[in-house]
Amino acid sequence: MYYGQASSPPMVMTAHWHPADTLRRLDDDILYTIFGMLRPRQNLRPLSLTCKWIRFACSPVLFRECFVLSWTVDASSGPQFVPRALWPYICAFHFTGSFNRSELPWVTEDDGYPLDPLLDQGCIRRRVASVKLGDTIREALYSMALLCTVSIIIPCGAYATGKPGVSPYVLEAIWSTPQLRHFVINGPLCHPEDPIPSGVTFSSVARLSTFCYLLNLYRSPSKVTQTEKEVVLRVLLHTHDTLEVLVCPSECFPSVDVMGLWQWPMLHELIIRGERVATPPPLIHILSKMPRLRVLYLQLAEPAHAAAPLIWPPSLDLQCEWRELERLAVAHPHPDDNLYSNLPDTLLDLALRCWPRNYKHHAHYNANQLEAGVRWSSPLLSSTEMLCILRKIHAPRLTFLELEFRADSYDDQLFRHIGCAFPALTGLIVHRYRAPDEDVAPLAAIADGLSALRRLEVLMLHLDFAGLPNANLFERSSWRSRFLKPRTRKQLAEIDTTFTHAANVFAGLLGPALSYICFLRPLFYGSRHQWIPFRIVRSAEDGVSVEKCRINASDTFQLPHSQRFSIYEDD
């Protein structure tokens with residue numbers, strides 16, 4: 001909840017109040033369970049206003065998360081952006097918005113900081129503002145004994161205000177909070193004009209369990225400042241032995257030769273996303289130092305005119321034991337990579353795909369990507385190459401599988417191998433691009449190859465049907481309009497006919513556990529609702545048929561295993 005929403009004066013208890021008639025008869029564990037159930041439904045605040053005792057009892061749950069707009073911190077003259085009375089209850093602190101360091105009204109020229117004659121007055125004021133802002137945040141966070149999580153969301157585009165990024169003084173103040181365990185930032189970590197001051201060393205970084213750095217915009221590594229790389233390096237230098245979750249853009253990820261010197265005994269989740277940065281040592285030199293990995297996502301786009309390097313070259317003699325690995329996603333996998341011959345049989349979820357999706361790769365990029373120097377290729381494996389990889393993998397417990405490839409003469413063998421090698425599959429996503437000379441998708445052959453999957457519940461297919469409109473057909477304005485052009489309406493009807501026919505073919509040939517078949521209608525512009533789901537209908541009289549699911553923009557339609565499958569296509 002945002003601070004202030006639950007700060008109304010409590011109601012006065014009536015003369016008929018008696019302890020035996022209240023929640024006082026329940027112990028604290030039961031009370032907190034009840035309060036926790038009411039909080040997500042927004043019913044806890046009305047309850048907290050009934051009397052002083054209930055208000056006090058609700059406080060640990062009511063105020064355990066605090067949401068603050070960062071400009072309210074900037075505008076304060078001290079650490080009072082959240083009242084001290086609430087500090088003992090706060091466990092998670094969420095900032096929203098950039099810190100407008102140059103607009104602090106409480107910074108004057110008489111703050112006592114030495115002036116640098118080489119700097120103009122604006123630079124001096126920004127430096128003083130950043131120092132005071134860091135001191136303000138440090139004093140507040142240090143005093144929140146239960147605080148373990150801090151997150152920062154910095155909007156981009158039309159919603160952005162002030163300078164993007166966070167001052168090094170503020171970052172040091174947050175990271176040096178001793179009780180901090182989880183840090184998440186969504187948006188730029190540093191501003192290009194903010195070098196690391198000589199007095200900021202990040203030497204007292206807390207023993208973080210989570211460091212999560214997310215970006216909404218793609219960048220070329222050449223556009224990343226040395227300051228940002230240095231800040232990330234210093235954080236990981238002090239936390240690599242305690243981190244359990246690490247999410248980081250690839251362009252500011254430290255080099256393999258540096259990180260290969262560190263041990264990562266606690267790390268169980270590693271996600272790297274962005275443009276692949278060419279480094280001489282293979283990535284396995286880092287991964288081999290992470291014995292407790294359970295989740296590994298390498299969503300790395302390929303630079304233009306570059307070939308995907310091997311994560312684990314066959315010539316490299318190296319011991320790497322992942323006894324707990326459950327989820328693996330690799331973008332643009334290489335068929336000669338030794339990684340796939342060394343995967344444990346604990347693997348439950350595997351994705352071998354393009355990033356971004358191959359059908360989303362366009363010759364033109366938007367203005368932001370061009371400015372950021374993004375020039376990516378989209379290498380696509382053939383059925384032969386994908387089959388070569390899957391034959392190396394022994395994963396009898398594999399439950400979810402996602403593949404992206406272009407069909408060739410080994411297409412039938414690939415689908416038959418999937419049906420035989422991974423009998424435990426309950427969910428399968430396939431992006432299959434047709435061969436150059438293919439006019440009609442071999443629906444029956446694909447379904448026959450997958451018919452051995454008797455536990456399969458959800459099948460999601462992008463079969464690149466010939467004759468379907470391309471991803472640029474529907475412009476944003478027309479797609480959101482209630483009145484589509486006759487040509488567009490006709491094409492949508494043809495798409496539905498194609499999908500319905502394909503769904504009936506698969507429903508009649510696949511196993512009895514199948515509940516949904518989804519087909520991708522690729523749209524580059526407009527709605528993210530691209531997967532068209534069909535429900536499997538079985539009856540004694542009519543046998544097996546399909547029914548298209550009706551989904552509106554306001555619907556909360558969910559597929560089985562919704563934590564893994566969504567009707568909204570991702571990147």
Side-chain angles (χ1 to χ4, degrees), residues 165 168 171 175 183 185 188-190 192 194-196 200-203 205 208 210-215 218-267 269-291 293 296-313 315-320 322 329-334 337-339 355 372-377:
L171 290 175
W175 291 341
F183 177 79
I185 180 167
L189 183 67
C190 303
D194 277 345
I196 301 178
V200 176
T201 61
F202 299 106
S203 59
V205 177
L208 296 178
T210 301
F211 180 76
C212 185
Y213 178 17
L214 302 168
L215 275 175
Y218 303 141
R219 306 179 295 178
S220 167
S222 62
K223 298 293 183 178
V224 180
T225 64
Q226 190 60 37
T227 297
E228 183 176 344
K229 295 178 181 179
E230 183 67 22
V231 168
V232 173
L233 177 64
R234 294 191 189 186
V235 172
L236 298 182
L237 174 64
H238 292 288
T239 60
H240 62 85
D241 57 340
T242 62
L243 279 179
E244 298 177 11
V245 177
L246 173 58
V247 181
C248 187
S250 61
E251 56 268 20
C252 59
F253 203 70
S255 61
V256 175
D257 54 349
V258 172
M259 292 188 64
L261 301 176
W262 304 337
Q263 297 294 328
W264 305 78
M266 306 298 293
L267 195 69
E269 183 170 336
L270 174 63
I271 298 177
I272 309 175
R273 186 179 185 185
E275 181 175 317
R276 186 187 300 275
V277 180
T279 55
L283 195 56
I284 192 62
H285 282 288
I286 298 177
L287 302 179
S288 63
K289 305 295 180 66
M290 303 172 178
L293 271 182
L296 175 59
Y297 286 176
L298 302 176
Q299 296 178 314
L300 301 174
E302 295 300 330
H305 311 297
L310 278 67
I311 299 172
W312 188 340
S315 59
L316 185 60
D317 186 12
L318 189 66
Q319 293 295 324
C320 184
W322 291 323
V330 179
H332 311 293
H334 198 292
D337 205 314
N338 200 36
L339 173 71
W355 190 86
V374 172
R375 295 289 190 279
W376 294 343
S377 62

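All values below were derived from every heavy atom in this structure, side-chain atoms included, with hydrogens, water molecules and symmetry-related copies excluded.
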Which atom pairs, one a donor and one an acceptor, fall under 3.5 Å between side chains of residues 245-254 and the rest of the protein, sequence neighbours left out?
{"from": "S250", "atom 1": "OG", "to": "E275", "atom 2": "N", "distance (Å)": "3.0"}
{"from": "S250", "atom 1": "OG", "to": "E275", "atom 2": "O", "distance (Å)": "2.5"}
{"from": "E251", "atom 1": "OE2", "to": "R219", "atom 2": "NE", "distance (Å)": "3.2"}
{"from": "E251", "atom 1": "OE2", "to": "R219", "atom 2": "NH2", "distance (Å)": "3.3"}

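- For the atom pair L310 CG and I284 CD1, the distance stands at 11.0 Å (nearest 0.5 Å).
- Panel note: side chain D337, backbone W312; a donor-acceptor pair is recorded below 3.5 Å.
- Every residue two or more places apart in sequence or in another chain that forms a side chain to side chain donor-acceptor pair (under 3.5 Å) with T210 is listed here: H182.
- The heavy-atom pair separating P303 from S377 by the smallest distance is O-OG, 3.2 Å.
- Interatomic distance, H332 NE2 to L300 CG, rounded to the nearest 0.5 Å: 8.5 Å.
- Note that CZ of R234 is 7.0 Å distant from OG1 of T201, once rounded to the nearest 0.5 Å.
- Note that CG of D241 is 11.5 Å distant from CG of L267, once rounded to the nearest 0.5 Å.
- With values rounded to the nearest 0.5 angstrom, L298 atom CG is found 13.0 Å from R273 atom CZ.
- For the pair T239 and F211, the minimum side-chain heavy-atom distance is 4.5 Å or more.
- Counting heavy atoms from C-beta outward, V200 and L171 have side chains that stay 4.5 Å or more apart.
- With rounding to the nearest 0.5 Å, the separation of CD1 in I196 from SG in C190 is 7.0 Å.
- Of all the heavy atoms in I286 and M290, the pair that sits closest is CG2-CE, 3.3 Å.
- Taking each heavy atom of M266 and T242 in turn, the nearest pair found is CB-O, 4.0 Å.
- For the pair T227/E230, no side-chain contact is recorded, criterion being any heavy-atom separation below 4.5 Å from C-beta on.
- Taking 4.5 Å as the limit, some side-chain heavy atom of L287 sits within range of a side-chain heavy atom of L270.
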Walk me through whether L243 and L236 qualify under side chain to side chain contact (heavy atoms under 4.5 Å, CB included). CA-CA 9 Å; L243 279 179; L236 298 182; 3.7 Å; yes
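- Ring geometry for W355 versus W376: interplanar angle of 30 to 60°, hence tilted.
- In this structure, the side chains of Y213 and E228 come closer than 4.5 Å at one or more pairs of heavy atoms.
- Using cut-offs of 30° and 60° for the angle between ring planes, the H240 and W262 rings count as parallel.
- Side-chain contact between L316 and N338: absent, with no pair of heavy atoms (C-beta onward) separated by less than 4.5 Å.
- In this structure, H238 contributes its side chain and F202 its backbone to a donor-acceptor pair below 3.5 Å.
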